[in-house]
There are 2 protein chains.
Amino acid sequence: MLKLTRKTEYALIALSHMQRFTPKNLISTKELAKLYQLPVELLAKTLQQLAQAEILEAVKGAYGGYKIKTPLEQINMTEFFEVLEGEVGLTDCHTNTDCSQKNLCNIKTPMQKINKKMRTFFDEISLKEVVGN
Amino acid sequence: MLKLTRKTEYALIALSHMQRFTPKNLISTKELAKLYQLPVELLAKTLQQLAQAEILEAVKGAYGGYKIKTPLEQINMTEFFEVLEGEVGLTDCHTNTDCSQKNLCNIKTPMQKINKKMRTFFDEISLKEVVGN
DNA sequence: TTAAATACGATAAATTTTGTCGGAATTAAA
DNA sequence: TTTAATTCCGACAAAATTTATCGTATTTAA
C-alpha cells in the first residue's frame, strides 16, 4: 500500500539517469524511453510536468531534450510528489471541504496530525537521496 | 497522493467509535454502518479482516458483533495497514521479483532505503494515536 | 425454530491509472 | 526555406484497482 504511480517511478528513473550520465547535456524522451523500456508517451508527459515545475529544463525543437534545472539536493520529496500527483497525505480531509463523511467523521483531527507528520517525513528526504549517486 | 483506501478509512472510523463508546460491549456492523453512513457490506468485510488479524474480537450469532481485542496502543500503523492492504512501501521492488524493469532499474537500492524508512515511520505511530481519544 | 448476526466467495459498478493517438508549435540543420 | 526531430497538449481507449452489491452458509441467543 501507499505505492507510487508509474508516472512517479518513471520520473525517478529518468532523473537518476540524467543525474549520473547527462547532468550537463540534453537527453530526449525517446532516448530515455528506449534505454529503460518505458512507454514513450507517458514518459513524455511526465517530463513535461517536471519541466513545468522547473525541475527540468526543456529545450524544444530538433536536437532538443531535457536536463536537470534545479539541483536535486534542493528539492524535497513532498514537493516532488506534489508535482506529479496530488497533495501528500493519507486523507484529504483538509483540502476537501465536501468529504462525504461530513460531520459524522470521528477521525478528522488525528488524521490531520498524521498527514502533517507524513509531509514532514518527506520534506526531510531530498530528491537527490532517492535518485541516488 | 499516498491516500488510504476507503476500507482503511472505514476501519479507522469503526475503531475510533469502539474505542470511545463501546470498549467493553459489542457493536454490530449494521449499527456502525448506520451511525457513520457507511456501506454495510464493505464495512462488514473490513471488520472481518480486523477480526482475523485479532485486532477485533468477533461474536457470531444473534446479538453478536465486534469489540476491540488487542489494545490499540499495542498495534502500530505498519501492522494495521498491512492487515487491510498490502505491504507498506512506495514500491515493491523487494517482494516482487518480476518487476518489469528488471536489471534496467536504476533506483532499486535507494527506493529500498526509503521504503525501510517509511516502515519505521509508521512503526512508530500507534493505532491509538490515529484513532484518537 | 426463528431472527439476527458473522463469514465468505462471486461479481458488478465506478474510479483511477496507464497507455495511445493526433496534431500543433518550435528549432537546428540541410 | 524546407525538413526532421523534438517538446507540448488535449482527447480518448484500455487496463487495473477500488468500491459496492448480492447470495448463501454458518452460528447462536432467545
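Lettering follows sequence order; numbering is per chain, from 1. Just so we're clear, the structure is a prediction, and the values are computed from it rather than from any experiment.
When distances are taken from the side chain of Pro39(B) to each of dA20(D), dA28(C), dA29(D), the shortest belongs to dA20(D). Proximity note for Ser28(B) (side chain, C-beta onward) versus dA5(C), dT7(D), dT19(D): the nearest is dA5(C). Listed nucleotides: dA7(C), dT19(D), dT21(D). Nearest to the side chain of Ala58(B): dA7(C). Across dT18(C), dA20(D), dA7(C), the shortest atom-to-atom separation from the side chain of Gln48(B) is found for dA7(C). Set against dA7(C), dA3(C), dA20(D), the side chain of Lys60(B) has dA7(C) as its closest nucleotide. Of the candidate nucleotides dA20(D), dG19(C), dG23(D), dG19(C) has the atom lying nearest to any side-chain atom of Arg6(A). Set against dT17(C), dT7(D), dC22(D), the side chain of Thr29(A) has dT7(D) as its closest nucleotide.
Residues Val40(A) and Leu38(A) fall into different hydrophobic clusters, defined by Ile, Leu, Val, Met, Phe, Trp and Tyr side chains chained together at heavy-atom separations under 4.5 Å. The cluster map of Ile, Leu, Val, Met, Phe, Trp and Tyr, joined by side-chain heavy atoms under 4.5 Å apart, puts Tyr36(B) and Met18(B) in the same cluster.
Leu47(B) places its CG atom 9 Å from the P atom of dA7(C), with the value rounded to the nearest Å. Distance, Glu57(A) CD to dC8(D) C1': 16 Å, rounded to whole Å. For the pair Leu56(B) CG and dA7(C) P, the computed distance is 10 Å after rounding to whole Å. When the P atom of dT18(D) is taken as reference, atom CG of Leu2(A) falls 11 Å away, rounded to whole Å. In this structure, the CG atom of Leu26(A) is 18 Å from the P atom of dT26(C), given to the nearest Å. A straight line from CD of Glu85(A) to C1' of dT15(C) spans 16 Å, rounded to a whole angstrom. The interatomic distance linking Leu43(A) (CG) with dT17(C) (P) rounds to 18 Å, in whole Å. Going from atom CD of Glu9(B) over to atom P of dT18(D) covers 13 Å, rounded to whole Å.
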Derivation of the side-chain contact (heavy atoms from CB on, under 4.5 Å) call for Val83(A) and Ile55(A): CA-CA 9 Å; Val83(A) 166; Ile55(A) 292 172; 4.2 Å; yes
Derivation and outcome, salt bridge (Lys or Arg N to Asp or Glu O under 4.0 Å), residues Lys117(B) and Glu124(A): CA-CA 11 Å; Lys117(B) 271 198 191 183; Glu124(A) 286 166 356; over 6 Å; no
Trace of the side-chain contact (heavy atoms from CB on, under 4.5 Å) decision for Thr46(B) with Leu84(B): CA-CA 7 Å; Thr46(B) 306; Leu84(B) 296 171; 4.0 Å; yes
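Nearer the 5' end of DNA chain C, as judged by each residue's closest nucleotide, is the contact made by Ala51(B), out of Ala51(B) and Tyr63(A). In terms of position along DNA chain C, the nucleotide closest to Gly64(B) lies nearer the 5' end than the nucleotide closest to the other residue of the pair Gly61(A) and Gly64(B).
For the pair Glu87(A) (side chain) and Asp92(A) (backbone), a donor-acceptor distance under 3.5 Å is absent.
In terms of phosphate contacts, Tyr10(A) brings a side-chain nitrogen or oxygen within less than 4.0 Å of OP1 or OP2 of dG19(C). OP1 or OP2 of dA7(C) sits under 4.0 Å from a side-chain N or O of Tyr66(B).
For Lys45(B) against dT21(D), a side-chain-to-base donor-acceptor contact under 3.5 Å is present. No donor-acceptor contact under 3.5 Å links the side chain of Lys3(B) to the base of dT18(D).
Within 4.0 Å of Val40(A), counting heavy atoms only, lies no atom of the nucleic acid at all.
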